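Comments concern the structure below.
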Number of protein chains: 2
Amino acid sequence: MEKQDLFSIIVMKAIEMKEVKDVTIYDIAKALDLSPATISRGLKDHPGIKKETKKRIVEAARQMGYQHNTFARNLRVRKTNTIGVIIPRLNSYFMSTVIAGMEKVANERGYNLIISQSQESVKKEIASVNTMYNSRVDGLLVSLAYDTENIDHFSALLKKEIPLIFFDRIAEHIQCTSIAIDNVKAGYEATLHLIDQGCRRIVYIGGNLKRNVYADRLKGYRLALMERELPQAPELVIINHMSEQEGSEAAQALMRMKPRPDGVFAANDTVAVTCIREFRRQGLCVPNDIAVVGFNNDPNSRVIEPNLTTVDYLGHEMGEIAAATLINTIEKKPSAHLNTLLLRHNLIVRQSSVRSHSTH
Amino acid sequence: MEKQDLFSIIVMKAIEMKEVKDVTIYDIAKALDLSPATISRGLKDHPGIKKETKKRIVEAARQMGYQHNTFARNLRVRKTNTIGVIIPRLNSYFMSTVIAGMEKVANERGYNLIISQSQESVKKEIASVNTMYNSRVDGLLVSLAYDTENIDHFSALLKKEIPLIFFDRIAEHIQCTSIAIDNVKAGYEATLHLIDQGCRRIVYIGGNLKRNVYADRLKGYRLALMERELPQAPELVIINHMSEQEGSEAAQALMRMKPRPDGVFAANDTVAVTCIREFRRQGLCVPNDIAVVGFNNDPNSRVIEPNLTTVDYLGHEMGEIAAATLINTIEKKPSAHLNTLLLRHNLIVRQSSVRSHSTH
DNA sequence: TTGAAAGCGCTAACAA
DNA sequence: TTGTTAGCGCTTTCAA
């Protein structure tokens with residue numbers, strides 16, 4: 001009797017607090033007169049459990065509204081099935097396709113994604129890394145912020161051997177795989193294309209040279225000039241934050257140069273598009289007075305007039321590969337011991353750089 | 001002696017497996033000759049713990065490299081400190097600022113964000129809800145997919161009283177707060193502006209009327225026409241998927257209409273921009289032959305020529321408010337018992353809709 | 001101001 | 001094929 005009363009009290013309290021307890025494997029065990037261990041096994045694909053039993057377990061679980069408790073499991077197996085993603089910003093078409101690719105693979109393989117934006121600042125990047133570390137992510141996918149100088153803030157993770165993969169904006173580290181495109185080659189091709197169109201005085205506009213994407217594209221630019229024996233003037237290389245504001249300033253500075261440059265290779269489409277707008281505002285003809293090539297194949301590149309020649313690469317694919325490689329590493333799958341993985345890219349030629357023959 | 005050996009074996013095994021165990025509050029307790037309970041208290045702001053002791057604990061934790069284990073805590077207190085976010089796509093400037101706002105508030109208040117894209121499909125939306133449910137998020141922020149017909153797939157969450165907040169693309173539900181702008185008013189203002197510029201035959205292009213954003217903007221459009229006693233022709237309302245492809249088809253259909261419309265109000269900037277491109281390709285003059293107004297103030301709206309008149313609203317703010325409201329609900333903070341929260345919006349007038357007086 | 005002890009829900013080694 | 005049992009790391013009630 002006493003027990004009965006105690007039970008009533010508990011139930012009433014539960015109802016009062018509107019906190020009806022979750023169904024656990026113990027409840028199912030009791031209902032089916034089996035042990036919790038059997039239930040646990042039955043709910044997975046454990047070998048050595050009678051088919052019949054398994055069916056009963058799964059059915060009971062469904063009926064009772066059982067919901068797997070990830071945290072108990074995490075605690076027990078010391079694994080979170082969570083991947084951290086740190087990116088500069090997710091407001092570009094490119095990044096959004098990268099994330100979509102990651103999400104696809106992560107979902108397929110039973111992982112969750114925690115996404116954080118560094119807003120292009122190391123400070124926020126460091127904070128994000130720490131949060132991720134404390135959330136005990138199983139692995140980390142990172143594209144570096146604009147002003148990150150070194151990767152010391154990843155050392156705690158690395159010491160613990162938490163897999164870390166860089167993508168797009170990568171860093172060199174023996175422990176880490178990196179995924180990117182061949183930015184040198186892409187920069188080389190873009191510049192060569194401008195030269196082929198008759199440009200002789202070509203400006204490169206890029207960001208912080210600590211970032212591979214900007215440094216490598218510049219290298220490619222230089223390579224092309226060298227190959228075609230065009231002079232390399234230091235004033236033709238402009239380094240800024242690659243924002244709209246600074247892009248427009250760069251365009252204006254450029255138009256004041258004497259002699260005026262006749263070609264621009266900008267390391268992102270935002271700046272390339274801004275340049276075109278400024279040039280046209282000043283009455284210049286793009287591409288005949290000055291030809292422009294961008295980078296990323298942003299949707300903007302097809303809105304601007306004339307349409308922008310740009311370098312395309314597959315964000316979705318990059319995301320998929322990054323996530324798959326990371327998960328393989330986490331699960332110690334025998335993925336090749338690569339250090340750097342390069343994806344395909346493609347120069348898309350549009351009107352902003354194609355000169356009519358007459359101007360040649 | 002035997003114990004010693006066993007210990008050695010364990011340590012060696014740990015090293016061999018490269019799985020050095022994490023420091024726990026027990027380790028700190030042992031080192032400081034205190035109980036785990038005291039450590040646990042010392043690590044928080046528990047009242048009734050000597051200042052001196054607390055200091056020692058915090059210092060020891062730091063020195064030993066202690067790292068809080070969220071999962072043990074989650075398991076114990078039945079709370080994950082994780083918020084789920086489901087959005088159609090994150091490839092727009094607007095969405096990315098929304099997410100940034102959410103992230104800011106979540107970080108400040110000690111929550112993590114799990115983000116998932118429905119890719120505009122109910123099917124994926126349902127899958128995401130289930131994943132989130134199983135991850136036991138403390139609350140959910142949702143902007144509905146294009147083709148979601150009802151919100152039954154949220155009923156499990158709702159039954160469990162897991163807070164659910166809709167933003168931007170909202171749904172009505174007694175249990176849920178919604179955050180949006182006054183789309184009727186915005187649509188009304190946009191249309192009125194076109195009328196004021198002399199447009200008399202205005203087309204509305206929007207998406208699925210199940211989505212408030214499209215239905216309400218249409219209402220506003222109708223309201224304005226009614227007020228100014230302009231006729232409402234059914235063929236002037238075009239409903240499609242609001243993609244570039246369908247935007248361009250709509251633009252072409254529109255140009256074949258007789259008499260040709262002289263104004264377009266598109267419920268997003270993608271379609272508005274596409275329309276302008278099509279019109280100009282056919283030799284029409286925007287705004288004099290046909291004026292265009294968009295929605296969202298996407299960066300594209302300032303790239304297209306002529307620059308697009310559009311409705312701006314603050315994504316960052318919307319994200320912040322959504323997250324803050326959700327967390328207040330989760331923590332049962334006395335946030336006002338609101339059902340719908342409307343944010344400010346603003347019609348930004350640019351060249352795509354401003355007609356020279358001569359054409360009036 | 002601190003400690004002892006129970007238990008959150010699950011898994012896995014070992015036993016049967 | 002199934003069960004027993006211990007324990008993952010933490011919090012919290014009750015006791016001291």
Side-chain angles (χ1 to χ4, degrees), chain A residues 10 13-14 17 19-58 60-61 64-81 110 134-136 138, chain B residues 6 9-10 13-14 17 19-58 60-61 64-81 110 134-136 138:
Chain A
I10 292 172
K13 201 173 169 189
M17 296 171 65
E19 216 181 79
V20 185
K21 266 194 51 180
D22 288 344
V23 180
T24 73
I25 53 172
Y26 283 88
D27 301 323
I28 304 178
K30 219 165 286 170
L32 258 49
D33 204 22
L34 285 168
S35 81
T38 306
I39 308 300
S40 174
R41 291 179 187 122
L43 256 19
K44 318 209 173 334
D45 281 333
H46 192 91
I49 204 108
K50 231 201 294 184
K51 257 200 178 157
E52 167 62 20
T53 318
K54 191 177 158 184
K55 217 158 139 190
R56 277 173 62 214
I57 292 173
V58 171
M64 300 172 68
Y66 170 77
Q67 200 195 346
H68 182 82
N69 188 322
T70 323
F71 301 98
R73 176 168 210 284
N74 285 346
L75 182 58
R76 183 60 231 244
V77 304
R78 284 135 169 266
K79 197 164 173 308
T80 64
N81 274 53
N134 284 321
S135 307
R136 283 190 169 59
D138 288 340
Chain B
L6 185 60
I9 290 169
I10 292 173
K13 199 170 171 192
M17 297 170 63
E19 216 182 78
V20 184
K21 265 195 51 180
D22 288 345
V23 180
T24 72
I25 53 171
Y26 284 87
D27 300 324
I28 304 179
K30 219 165 286 169
L32 258 48
D33 203 25
L34 285 167
S35 79
T38 308
I39 308 300
S40 173
R41 291 177 186 125
L43 256 19
K44 320 211 170 336
D45 282 333
H46 191 93
I49 205 110
K50 230 201 297 185
K51 255 199 181 157
E52 167 62 20
T53 317
K54 190 176 158 183
K55 216 158 137 191
R56 277 173 63 215
I57 292 173
V58 172
M64 300 172 67
Y66 170 76
Q67 202 195 344
H68 182 82
N69 188 322
T70 324
F71 302 98
R73 177 168 209 287
N74 286 346
L75 181 58
R76 187 55 232 245
V77 306
R78 293 142 158 254
K79 195 163 174 309
T80 64
N81 275 56
N134 284 322
S135 307
R136 284 192 165 59
D138 288 340

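Keep in mind the model is a prediction, meaning the values are calculated, not measured. Labels below follow one simple rule: chain letters A, B, ... track the order of the sequence lines, proteins then strands, and each chain is numbered from 1.
Listed for the A:Thr70 side chain is a donor-acceptor partner under 3.5 Å among the backbone atoms of B:Asn134.
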Extract from the structure each pairing of a protein N or O with an N or O of nucleotides 14-16 of chain C at less than 3.5 Å, listing the distance.
none

Before you tell me yes or no, could you show the steps for B:Ile25 and B:Leu43 under side-chain contact (heavy atoms from CB on, under 4.5 Å), namely the whole-Å CA-CA distance, both residues' side-chain angles and the distance that decides it to 0.1 Å? CA-CA 9 Å; B:Ile25 53 171; B:Leu43 256 19; 4.1 Å; yes
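Residue-level contact check: A:Phe71 touches neither bases nor backbone, having no heavy atom under 4.0 Å from any strand. Residue B:Thr24 is classed as a sugar-phosphate contact, given heavy-atom separations below 4.0 Å to backbone atoms only. Among the heavy atoms of the strands lying under 4.0 Å from B:Ile49 are primed sugar atoms or P, OP1, OP2 only; no base atom is included. Counting any heavy atom pair closer than 4.0 Å across all strands shown, A:Lys44 reaches sugar-phosphate atoms only and no base atom. When heavy atoms are screened at a 4.0 angstrom cut-off, B:Lys51 is found touching no nucleic acid atom at all.
Per the geometry, CG belonging to B:Leu75 stands 13 Å off P belonging to D:dT12, to the nearest Å. Per the geometry, CZ belonging to B:Arg73 stands 11 Å off P belonging to D:dC10, to the nearest Å. D:dT2 atom P lies 15 Å from atom CD1 of A:Ile28, rounded to whole Å. For the pair B:Lys30 NZ and C:dT2 P, the interatomic distance rounds to 20 Å; values are reported in whole Å.
With DNA chain C read from its 5' end, the first of the two nearest nucleotides for A:Ala72 and B:Thr38 is the one closest to B:Thr38.
B:Asp22 has a carboxylate O that lies under 4.0 Å from a charged side-chain N of A:Arg136, or vice versa, which qualifies the two as a salt bridge.
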